[in-house]
There are 2 protein chains.
Amino acid sequence: MLTQAAEDYLKSIYKLQEKVGKVSTGILAEYLKVKPASATGMIKKLKTMKLVRHERYQGVTLTDAGKAIALEVIRHHRLLELYLFKALGVPWDGVHEEAEKLEHVISEDVEARMDEFLGYPTADPHGAPIPDKNGVVTKTASVPMTDLCSGQSCIVAEVSDTDSAMLRHLGSFNLYPGTAFRVIEVAPFEGPYTIDVAGQQVIIGREVAKHIFVEDVEG
Amino acid sequence: MLTQAAEDYLKSIYKLQEKVGKVSTGILAEYLKVKPASATGMIKKLKTMKLVRHERYQGVTLTDAGKAIALEVIRHHRLLELYLFKALGVPWDGVHEEAEKLEHVISEDVEARMDEFLGYPTADPHGAPIPDKNGVVTKTASVPMTDLCSGQSCIVAEVSDTDSAMLRHLGSFNLYPGTAFRVIEVAPFEGPYTIDVAGQQVIIGREVAKHIFVEDVEG
DNA sequence: AAATTAATTTAGGCATACCTAAATTATATA
DNA sequence: TATATAATTTAGGTATGCCTAAATTAATTT
């Protein structure tokens with residue numbers, strides 16, 4: 001059995017690999033709020049376990065075995081988020097923190113029961129894809145809201161889950177994944193978006209819009 | 001925040017205090033599957049935190065602060081057991097092990113939500129009392145099944161949760177807390193009990209009967 | 001009371017995972 | 001190309017919680 005820290009490293013490497021491509025020791029350390037020296041140590045440990053590949057100064061990549069574990073942890077995390085949200089009514093800006101602790105201790109049996117209860121879902125409360133039991137990720141094609149023009153309609157696909165104040169803000173406008181809205185106007189010079197959500201007119205700043213990804217764009 | 005190990009020690013001291021009265025280092029170590037020297041170390045640590053009292057060779061007792069934490073952990077554990085059992089259908093011989101890991105990472109918020117979902121219950125799936133938010137324990141008066149005589153009727157109040165094979169065995173007869181049964185015959189010379197559970201005749205060995213506690217004895 | 005046995009404590013070690021500080025290697029700039 | 005800066009690694013140290021082995025204290029037996 002892997003340690004909790006090791007699991008967090010694998011998960012983080014996977015996420016960073018998706019986001020920034022190459023994963024350096026420094027990037028990884030910053031992401032995990034740890035000093036680079038600590039990251040070096042864990043990387044060496046993971047390498048002896050054949051979970052990552054690593055050449056000095058060249059960054060880390062996951063092996064197939066490492067990727068499988070990373071996806072398993074991510075699956076635990078996202079299923080837990082959705083379960084806490086749907087079954088226990090934990091607000092969506094709180095589920096990330098809770099799941100962060102639970103993901104390492106939940107058993108496969110309990111996970112399977114939650115999965116069944118939720119009807120084998122494919123996305124967490126923020127719209128991020130939930131890998132299936134075999135580690136297969138099916139993610140929908142989405143674009144940043146900042147790509148939209150006046151008059152276009154779409155559906156919220158995903159929002160970034162890192163900032164809980166941002167999530168509360170979006171929640172207050174009902175901008176959950178699955179919610180439809182139409183762009184009424186895009187203010188020039190990097191200005192805010194005025195949109196229509198279920199008949200309500202809402203103003204979304206450019207910085208906020210960067211955190212929203214949409215699909216099914218029309219018009 | 002206390003470490004997981006420290007919480008386990010406090011919980012174990014509380015349980016042993018109830019079961020055997022005086023808690024010696026050796027008893028505690030055996031219970032926690034740890035060497036006595038390790039128990040000594042943790043006891044000293046807990047003493048500096050004023051969570052236990054301890055005089056060399058005289059055993060450990062909990063301070064009020066230590067008892068409060070012990071009860072909080074026990075509450076987490078038993079609420080989790082019941083939640084896993086009722087909300088997710090985890091079989092009752094598996095909930096203990098699951099809860100053992102989860103009790104240390106569950107937040108007060110999630111606990112409160114589970115408590116509400118369950119309707120503020122007072123007993124876990126094995127019949128053990130769930131302390132309330134203030135650490136108040138209300139336990140029903142029960143007697144060991146081995147005190148029963150032929151012809152007496154009663155209701156299962158509690159079963160010991162340590163042996164999961166035993167729990168499966170009892171479950172196969174539907175001997176959950178709340179289940180009523182009548183003693184048909186007690187075989188002499190420490191022999192087995194023949195009982196009637198919902199019209200079915202069942203034979204319960206003396207060793208098994210010692211693990212069952214009953215209430216509302218009549219007849 | 002002396003000797004044996006049991007319980008407890010102390011002492012010394014090990015592994016994990018973190019840290020800081022210094023040394024090394026790589027990359028960018030002048 | 002030489003130098004400065006940035007990234008990475010190494011070295012040495014901390015704390016936790018476990019271990020074994022040896023020493024001490026308590027309890028029991030003869």
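So you know, we letter chains A, B, ... as the sequences are listed, proteins then strands, and number each from 1.
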Between A/H96 and A/H77, is the ring centroid distance below 6.0 Å?
yes
Without decimals, in angstroms, what is the distance between A/L28 CG and D/dA7 P?
14 Å
Can you tell me the distance, in whole Å, between the OH atom of B/Y31 and the P atom of C/dA7?
19 Å
Protein-nucleotide distance (A/M42, atom CE; C/dA17, atom P), rounded to Å:
4 Å
Contact under 4.0 Å: B/T40 side-chain N or O vs C/dT8 OP1/OP2
no
Starting from C1' on C/dC14, measure out to NZ on B/K35 and report it in whole angstrom.
16 Å
Going by the side chain to side chain donor-acceptor pair (under 3.5 Å) test, name the single residue among B/H54, B/R53, B/Q17 that passes it with B/T61.
B/R53
Report the nucleotide, chosen from C/dA17, C/dT8, D/dT16, that has the shortest atom-to-atom distance to any side-chain atom of A/A5.
C/dA17
CH2 (B/W92) and CG (B/D161) are apart, to the nearest 0.5 Å, by 10.0 Å
How close or far is atom P of C/dT16 from atom CD of B/Q4, stated in whole angstroms?
18 Å
Could you tell me whether A/H104 and A/H76 have their ring centroids closer than 6.0 angstrom?
no
Is A/K45 near enough to C/dA17 that one of its side-chain N or O atoms lies under 4.0 angstrom from OP1 or OP2?
yes
So, OP1 or OP2 of D/dT16: does either fall under 4.0 Å of a side-chain N or O from B/Y9?
no
Presence of B/S38 side-chain N/O under 4.0 Å of D/dC19 phosphate oxygens OP1/OP2
yes
Distance below 4.0 Å between A/K44 side-chain N/O and D/dT9 OP1 or OP2:
no
In whole Å, what is the span from the NZ atom of A/K47 to the P atom of D/dT8?
15 Å
Phosphate contact (C/dT10 OP1 or OP2) by B/Y57 side-chain N/O below 4.0 Å
no
Can you find a heavy atom in the side chain of B/Y193 that is under 4.5 Å from one in the side chain of B/V208?
no
When the distance from CD1 of A/I43 to P of D/dT10 is rounded to whole Å, what number comes out?
11 Å
When we call it a touch if two heavy atoms are under 4.0 Å apart, what does A/A37 touch: a base, just sugar-phosphate, or nothing?
base
Proximity to the side chain of B/T3 - top-ranked nucleotide from D/dT16, D/dT20, C/dA21:
D/dT16
Value in whole Å for how far the C1' atom of D/dA27 lies from CZ of B/R56
16 Å
